[in-house]
Amino acid sequence: MRKGYVLERILYTVFIFFIVITLNFFIPRIGVEDPAERYYPPQGNLTDTEYSIIKQLTRKQYGFDVSGWQQYLRYLSQLSRGDLGTSLQAGSPKVSTLIAQRLPWTLVLSLSNMLISVTLGLLLGTSAAWNRGKFADRALMNASTVMTALPAFFLALVFSLYMGFEWGWFPAYTEPDMVASFDWSWRAIAQVARNAALPVISMSIGGVISYAQGTRNSVIAVSQEDFITTARAKGMSTRTVKYRHVLRNAMLPIVTSLGMSVSGLIGGSVVIEQIFNWNGMGTLFLTANNTNDYPLMMGIMLFLSSFALLANLMTDLLYSLLDPRVSAGGGRR
Amino acid sequence: MSQDALLLVEGLKVIFPTDAGIIKAVEGIDLAIHPGECLALVGESGCGKSVSSLAILGLLGTPPALVRAQTIRFDGQNLQALNEQQMAQIRGKDIAMIFQDALTALNPVMSIGRQLDEVFLKHCGMNKSQAKEASIEALRAVGVSSPAQRYRQFPHQLSGGMRQRVLIAMAFAASPKLIIADEPTTALDVTIQMQVLEELRAMQRKSGTALMLITHDLSVVNYLADRILVMYSGKIVETGPVKQILKRPAHPYTEGLLTSVPRLDTCNTRFYQIPDQVPNPMNKPSGCHFHPRCSYAGELCKQTMPSLRSLSPQREVRCHFPLQKGEGGDSQHA
């Protein structure tokens with residue numbers, strides 16, 4: 001039963017992945033004109049022959065020299081070799097190289113954000129649930145009402161203005177030499193931490209609040225279930241009831257939202273990266289968008305969606321480990 | 001009440017203060033259960049029978065509930081004086097519970113084996129492998145087929161009857177002196193009900209455990225119980241031996257409950273039902289709580305709540321105009 005479930009999830013993911021590749025190929029082509037027209041509009045100082053040669057060369061360079069169907073097959077075979085294509089940036093760097101350069105910097109932000117959000121969120125949420133109606137619980141709930149109304153980019157601007165420019169606690173703007181001079185020395189790591197502080201804080205406040213709220217509600221809901229009364233009627237200690245019976249069940253919805261936030265690890269910080277001029281995937285994507293660098297856009301899109309797919313697959317599999325009802329598909333054995 | 005009772009409860013009151021008003025769920029009940037005996041608590045939904053049992057075991061959340069009692073004594077121990085940790089030592093070991101809906105009463109993400117193990121590990125001083133053996137044996141004892149396989153399965157993989165048997169096995173696991181069974185067969189099909197009841201009775205007879213049976217089903221009472229305690233709107237209205245009460249009820253409410261049991265041997269085309277509903281616990285009627293629904297009620301019933309009077313040494317009834325005459329002449333008009 002369980003093996004079948006795993007296989008089913010994997011096949012499903014592969015199927016969706018194929019659809020993603022196809023959409024990723026066709027969607028940019030809906031709007032794109034002939035690249036030759038776009039990059040080399042007719043100019044007076046060229047003869048018609050010269051101009052048509054240039055156009056042909058350009059089409060060949062961008063792969064528009066064959067029919068759409070052949071382009072699609074070519075794209076598939078290129079992907080199957082692990083090649084995401086070549087960027088239109090000066091120097092024609094490989095898309096995969098560009099992503100590899102930027103990805104770690106984005107992960108620095110998003111992983112720290114996730115770590116802080118989940119740990120603090122779980123701690124605050126469970127303690128609020130176990131002190132339901134008391135001061136700590138009410139304070140958290142009121143704070144969350146206020147904080148959910150403040151988007152991360154707004155917090156980022158405020159923090160950058162005050163903690164950065166006004167009080168000078170942290171760099172308000174990423175120090176320009178941070179990426180170039182990074183060499184794994186303690187000094188460089190400290191510099192990254194210093195620069196990441198404001199972006200991470202502004203991203204994680206919302207995360208902490210939403211995880212805390214979710215955890216609190218989930219723990220309270222599970223605490224009222226009949227099987228908790230059963231566990232207590234069996235003479236289980238308060239501690240055992242809380243940790244073994246309540247928490248494991250209360251974690252199920254949290255795992256789902258965790259899985260969903262994993263897929264946002266890479267693409268979720270576009271705006272924040274802009275505000276702090278952080279050199280990550282978000283800035284890369286915006287650059288690609290603003291310069292019509294569509295091989296780069298396609299590459300990033302594909303990378304983001306495959307990452308999200310993988311994250312979903314992992315969530316499904318983890319969920320079935322935690323909750324035996326999932327992999328059983330409702331059937332009785 | 002007698003001194004040799006296993007469980008003695010006197011003057012148990014449970015109220016829930018809410019924003020909308022005070023809910024008097026239990027308004028001072030007395031009960032005693034003797035070793036090996038089966039006492040049935042009978043009444044409609046909302047009469048306070050389940051709340052009473054949870055209050056005795058200290059399983060009601062306080063708040064929201066407020067529990068007061070003159071006495072809750074079990075096996076010589078004053079349960080009210082125990083802290084949560086000491087109560088946990090008694091729950092499952094000396095007093096166990098069987099709940100109504102076995103699907104929600106079992107933890108969905110733990111195998112039933114592990115849930116059974118917990119009792120043996122906690123109360124019987126066993127190690128893991130001994131607990132596993134004991135659990136499988138316990139499953140076999142309540143008639144679960146291929147217990148070693150079931151041990152590894154999860155609640156959703158079992159049928160309703162199987163799950164209820166698991167709960168029964170769990171309750172009997174540590175050989176408790178008293179088991180409180182709250183509607184143990186209500187969630188089951190009628191055919192499965194009988195099997196589970198037979199299992200429950202066999203287990204009870206074999207182990208000599210006292211049973212407090214909470215139900216609204218008089219056929220279950222007739223099958224299992226020795227004594228009966230009828231509750232209405234948070235108060236005891238009649239108590240006595242099952243055979244006597246089922247044959248000759250003294251309280252109009254008990255009579256109503258009995259008449260509303262569908263029968264095969266008469267040709268009535270309609271089911272009898274007691275008119276109206278259980279009173280709103282926030283706004284109970286004056287005098288006898290049952291008078292608005294009672295066809296025998298007189299002026300006196302609207303004004304004063306009758307006291308619980310004895311009809312015979314074994315029977316008590318809370319009614320101004322009981323349907324049965326008492327044996328002792330003095331109990332008539334106190």
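Side chains included, hydrogens not; waters and symmetry mates left out as well; all remaining heavy atoms used.
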Over 12 non-hydrogen atoms of neighbours within 6.0 angstrom of CD in B:E133
no
Closest non-hydrogen contact found for B:A105 with A:T230 is O-OG1, 2.7 Å
Taking everything shown except B:E137 itself, do over 12 heavy atoms lie less than 6.0 Å from its CD?
yes
Chain A contact via B:I95 - which portion, at a heavy-atom distance below 4.5 Å:
backbone
Any side-chain heavy-atom pair of A:T240 and B:K122 under 4.5 Å
no
Within a 6.0 Å radius of atom CE on A:M114, are there more than 12 heavy atoms belonging to other residues, nucleotides or ligands?
yes
Please report the shortest heavy-atom distance between B:N107 and A:R244, naming the atom on each side.
ND2-O, 4.4 Å
Heavy-atom side-chain proximity of A:D226 to B:F99 below 4.5 angstrom
no
More than 12 non-hydrogen atoms from neighbouring residues, nucleotides or ligands closer than 6.0 Å to CD on B:Q85, yes or no?
no
Scan B:K93, B:M97, B:Q115 and name whichever one has a side chain to side chain contact (heavy atoms under 4.5 Å, CB included) with A:K234.
B:Q115
Top contributor to chain A contacts, counting heavy-atom pairs under 4.5 Å, from B:P108, B:G58, B:S111:
B:P108
Would you mind checking which part of A:I228 comes under 4.5 Å of any heavy atom in chain B, side chain (CB onward), backbone (N, CA, C, O), both or neither?
neither
Among B:L103, B:L57, B:L59, B:I180, residue most engaged with chain A (heavy-atom pairs, under 4.5 Å)
B:L59
Inter-residue atom distance B:E84.CD - A:R232.CZ, 0.5 Å rounding
5.5 Å
Report, as yes or no, whether the 6.0 Å neighbourhood of atom CG on A:L318 holds more than 12 heavy atoms from other residues, nucleotides or ligands.
yes
Spacing of OG1 belonging to A:T238 relative to CE belonging to B:M87, to within rounding of 0.5 Å:
12.0 Å
